Amino acid sequence: MSILPRTQRGFQITILIILIAGAVIAVTPMVYMVSTAFKPAAYVPEFPPRFIPSNPTLENFRTAFASRNFDRAFFNSAKVAVATSFVVTALASMMAYAFARFEFPGKTLIFYSVLAMMMVPTMMLIIPQFILARRLGLQNSHTGLVMVYAAGGMAFNMFLLRGFFEELPRELEESALIDGANQFVIFTRIMLPLARPALSTVAVFSFLGAWDEYIWALTILTDPAKRTLPIAIQNFRGAHATDWGLVFAASLTAVVPTVLLFIFFQRYFVQGISTGALKG
Amino acid sequence: MKHKMLVVVLALALILPAAAVQAQGDGVTLQFWHTYNETSPENEMLVTTLIPMFEEAHPGIKVESVPFPYGEFRQTLLTSLAGGEGPDLARLDIIWSPEFAALGVLEPLDEIMPDFEELAAAVFPGPLSTNVYDGHTYGLPLDTNTRVFMWNKTLYERAGLEGPPATIDELKAQCEPIKALGDDIYLFSDGGTYGWAVLPWIWSFGGDITDPEITRASGYLNSEATVAAYEFLAEMVNSGCFSPSFLGGGMDTGQGYFNDIFASMLDGPWMFPIAEAQYPDFEIQAALMPAGPGGSISVVGGENIAVFKGSRDTEAALEFLRFTQSDEYQLKMSEVGQLTVKPALLEDEYFQNHPYYGVFLEQLQTARARTPHPTWTQMEEILSDAGQLILRGEASAQEALDAAAEEIDSLLAEGL
């Protein structure tokens, strides 16, 4: 009963098939992870692979939470990710606003210097960062994690936010200035609320970045009680054999908060990505 | 090159003000870094039984167990040491010991332990040799293992085969009956061409990677015997006798073995607890590595324990190291799958009555360690790549191994 011409309908069906195929490819590993998390003793992959476990069990979750430090790691990760998200959003937005609106000597040079930091591979920095962290007494501290995560994410997020601020009409500030507002008031009362979609994007991405980070955390945290989730999950793996049910149960537990976060902020940050990044 | 930089950074780090935590008058806490998986019985044994046992006998010394994921442990340890902050003791995979010794971060035990000779005499010489670098011994073996030939009884029976092959020729003869069971059934499988997989074949064919002094690979890696080993593997893979998993990817070896797709594999003692947990009806059949012209020679795995320079308290760390060499420690760890390194203990009732350690202990008598050299990680990469070229038919065994031998020669000449 479609009113569309034949060719257009055919085109739509093709698109639909491609989208479904894409969705299946994207979702399959996730589904497999979820199903394996409920399988008992999954050291060796099943043959043929089964998506519905034959004897589903909660044992893997029980083992994960009963192990030393897993619940602790969950809490540690949450703490570090929230703090990182807060620091990045606060500092990157101020920096971005300054680059978008103010004129000052060396602005271009500073801007590109900050951007150049994005190009340095993280692994190259790990030894200098480690020595620095040690000198500052930041080993085995979550502050050491947050500082490095925040610094690492700063350049890109500043860049994203600057693009967003530049798109906002200057008339808004001009009229606020006439009404007697100072720069701080303009920034906090006018610009930040308008930038909410972009800020949500920055906050969520910084949170996810800190939530997932593994190598730096593994390097500076040697106190098992301070370690974060990615380390706790990896510690369930063995040198010769791994119970994947346990690893996936732990991974699934780690994914739940990020999925909730996405559902919660989805509206904002899809918008944030599509608008902010348009103008560089 | 990477290593040269690391040595410089490391040297600097050692000169600079040492360990942040000083030994306090009322006791010291040692950090023991290892890769026991967090929920494993061996970790449980270490943390809840063995460490408390040690602490009780040594008031004033506390031991903190710090688990690391195996995959990233070597890199994380290198980074920490470069930053001037390492553990007091660590459990190192035997293939890493020479590398850390060469970096100068480990204590030479033969120089600082008055009772070293006695401890060294009590362990298997093979695993002990993996601690030697440049004439000194930088650690002691902690546990050992090896790979043996595991065969699938169901497939062997269906093919009408009597039992495991005693020789490589007999193995080859088993291909036809197994292939007759179906195109997707394979006689043998392994996961790639890395050292752990190919060395048992190379050695059993009478070949080798380098000369005994580890100064050159030419004449050994490209010798007639080593070439024959690779030609055999290539022939078996190409004729569909050995599974294509050798080329990387493909079906997991254990998966194929337990599901009656692969009739045999080489694997370690950890497969028994896995079978018990996941395939309770499956009975693993284990036999010695099939013998070739060079004998039945498998590869030694396992771990060493080493004490690091810059330890908060070297004497206390050595005390813990001594504890790990005690009969008590070795027996307790053997109970959770960490095979002992002390031959004298094999007389113990526990080993005499053990359901499956026997074949591993027999195999260990001839098993050899992967080339104990600081550049092993790089050597293995060269070896693995050459193996892929040969098995994929992109180069003849002789060509690929000539080139690989030359590469390893220059690696060995260059040193660290």
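So you know, we letter chains A, B, ... as the sequences are listed, proteins then strands, and number each from 1. None of the values given here were measured: they were computed from a predicted structure.
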Student: Heavy-atom distance under 4.5 Å to chain B: side chain of A:Arg68, backbone, both or neither?
Tutor: both
Student: Among B:Ile261, B:Val47, B:Asn37, who wins on heavy-atom pairs under 4.5 Å with chain A?
Tutor: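 Of the candidates given, the most pairs with chain A belong to B:Asn37.
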Student: At a 4.5 Å cut-off on heavy atoms, which part of B:Leu77 comes close to chain A: side chain, backbone, both, or neither?
Tutor: neither
Student: Indicate yes or no for a side-chain donor-acceptor contact from B:Thr146 to the backbone of B:Val299 under 3.5 Å, with no hydrogens or angles considered.
Tutor: yes
Student: Sort out for me which of A:Pro40, A:Pro45, A:Ala239 touches chain B most, counting heavy-atom pairs under 4.5 Å.
Tutor: A:Pro45
Student: Under a 4.5 Å cutoff for heavy-atom pairs, which residue among B:Ile274, B:Val66, B:Thr35 has the most contacts with chain A?
Tutor: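 Ranked by heavy-atom pairs under 4.5 Å with chain A, first place is B:Ile274.
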Student: A cation-pi test, strictly: NZ or CZ of B:Arg91 under 6.0 Å from the centre of the six-membered ring of B:Tyr36 and no more than 45 degrees from its axis. Yes or no?
Tutor: yes
Student: Who wins among B:Asp93, B:Asp252, B:Asn43 for the most heavy-atom pairs under 4.5 Å with chain A?
Tutor: B:Asp252
Student: So what's closer than 4.5 Å to chain B heavy atoms on A:Asp243: side chain, backbone, both or neither?
Tutor: neither
Student: Below 4.5 Å from any heavy atom of chain B, which atoms of A:Ile215 appear? Answer side chain, backbone, both or neither.
Tutor: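 Looking at A:Ile215, just its side chain touches chain B.
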Student: Which bit of B:Ser80 is near chain A, if near means a heavy-atom gap under 4.5 Å: side chain, backbone, both or neither?
Tutor: both
Student: Checking heavy atoms, do the side chain of A:Leu246, its backbone, both or neither come under 4.5 Å from chain B?
Tutor: side chain
Student: Are the ring centres of B:Tyr70 and B:Trp96 closer than 6.0 Å?
Tutor: yes
Student: Using non-hydrogen atoms and a 4.5 Å limit, figure out which bit of A:Phe70 sits close to chain B: side chain, backbone, both or neither.
Tutor: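 Neither part; nothing is under 4.5 Å.
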Student: Heavy-atom cut-off 4.5 Å, strictly under: side chain, backbone, both or neither for B:Tyr257 against chain A?
Tutor: neither
Student: Is A:Lys39 paired with A:Glu46 through a side-chain N to carboxylate O contact shorter than 4.0 Å?
Tutor: yes
Student: Between B:Asp260 and B:Lys153, does any NZ, NE, NH1 or NH2 come within less than 4.0 Å of an OD or OE carboxylate oxygen?
Tutor: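 Answer for the salt bridge query: no.
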Student: Between the main-chain N or O of A:Ala64 and the side-chain N or O of A:Ser67, is there a donor-acceptor pair closer than 3.5 Å?
Tutor: yes
Student: Is it the side chain or the backbone of B:Asn145 that comes within 4.5 Å of chain A heavy atoms, both, or neither?
Tutor: side chain
Student: Taking the six-membered ring of B:Phe68 as reference, does the cationic atom of A:Arg227 (NZ for Lys, CZ for Arg) lie under 6.0 Å from its centre and within 45° of its axis?
Tutor: yes
Student: Where on B:Thr253 is there a heavy atom nearer than 4.5 Å to chain A: the side chain, the backbone, both, or neither?
Tutor: neither
Student: Kindly say whether A:Tyr32 contributes a backbone atom to a donor-acceptor pair with the side chain of A:Ser35 at under 3.5 angstrom?
Tutor: yes
Student: For chain A, which candidate among B:Pro67, B:Gly254, B:Gly301 shows the most heavy-atom pairs at distances under 4.5 Å?
Tutor: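 Of the candidates given, the most pairs with chain A belong to B:Pro67.
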Student: Any donor-acceptor pair under 3.5 Å linking the side chain of B:Gln278 with the backbone of A:Tyr43?
Tutor: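 Checking the backbone N and O of A:Tyr43 against the side chain of B:Gln278, a donor-acceptor pair under 3.5 Å is found.
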Student: Check this for me: A:Met118, atom CE, are more than 12 non-hydrogen atoms of other residues, nucleotides or ligands nearer than 6.0 Å?
Tutor: yes
